[in-house]
Amino acid sequence: ELYLSIGKEENRLAMYLQDEMKKLGYKFFSDSKTNQIFPIVDYDTYLKLEKEFGVELWSNLDNNLVVIRFVCGFETKMEDCIDVIKFLKM
């Protein structure tokens, strides 16, 4: 039971972020059920997100697209995820 409860909130926040990014039209390298998500963005968006939120470049794709990694950790709050979505809407 402890194993299942550890990370539950982090996974929930990552799923929220993934779902909201999908609503904005973002595609994902893989569908994740963990605290890590892997959206596909253009390189300029990656640079902006890296500067603002510290995302990690995961993989280079063709046509100026990259896979980035968001990790929701124990310190991540819902407000952090909302801030990312607001940032992407700008």
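Heavy atoms only: backbone and side chains are in, while hydrogens, waters and symmetry mates are out.
- Put simply, the side chain of Ser30 never gets that close to the backbone of Ser32: no donor and acceptor are under 3.5 Å apart.
- Between atom CZ of residue Arg69 and atom CG of residue Leu57 there is a gap of 11.0 Å, rounded to the nearest 0.5 Å.
- Of all heavy-atom pairs between Ala14 and Ile37, the closest is O-CG2, 3.6 Å.
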- Verify side chain to side chain contact (heavy atoms under 4.5 Å, CB included) between Asn11 and Lys8, making sure each step is shown before the conclusion. CA-CA 5 Å; Asn11 294 346; Lys8 188 175 182 179; 5.8 Å; no
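- Nearest heavy-atom pair across Lys33 and Met15 is CA-CE, 3.8 Å.
- Both Leu49 and Leu24 are members of a single hydrophobic cluster when ILVMFWY side chains are connected at heavy-atom separations under 4.5 Å.
- Taking all atoms of both residues into account, the shortest heavy-atom contact from Ile85 to Met21 is CD1-CG, 3.8 Å.
- For residues 19-28, the pairs satisfying salt bridge (charged side-chain N to carboxylate O under 4.0 Å, His left out) are Glu20-Lys23, Lys22-Asp31, with sequence neighbours left out.
- With values rounded to the nearest 0.5 angstrom, Tyr16 atom OH is found 11.5 Å from Asp80 atom CG.
- Using a 4.5 Å cut-off between side-chain heavy atoms of Ile, Leu, Val, Met, Phe, Trp and Tyr, Trp58 falls into a hydrophobic cluster with Phe29, Phe38, Ile40, Leu61, Leu65, Val67.
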- Task: Kindly determine whether Arg12 and Met78 satisfy side chain to side chain contact (heavy atoms under 4.5 Å, CB included), including the steps that lead there.
- Result: CA-CA 9 Å; Arg12 185 183 74 80; Met78 178 57 83; 3.6 Å; yes
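- In this structure the side chain of Phe70 never reaches within 4.5 angstrom of the side chain of Gln36, judged on heavy atoms.
- Taken to the nearest 0.5 Å, the OH atom of Tyr43 stands 13.0 Å off from the NZ atom of Lys48.
- Taking the ring centroids of Phe87 and Phe53, they lie under the 6.0 Å cut-off.
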- Query: Can you list the steps and then say if Thr45 with Val66 is a side chain to side chain contact (heavy atoms under 4.5 Å, CB included)?
  - Reply: CA-CA 9 Å; Thr45 300; Val66 296; over 6 Å; no
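- The only option from Thr34, Asn35, Val55 that meets the side-chain contact (heavy atoms from CB on, under 4.5 Å) definition with Val71 turns out to be Asn35.
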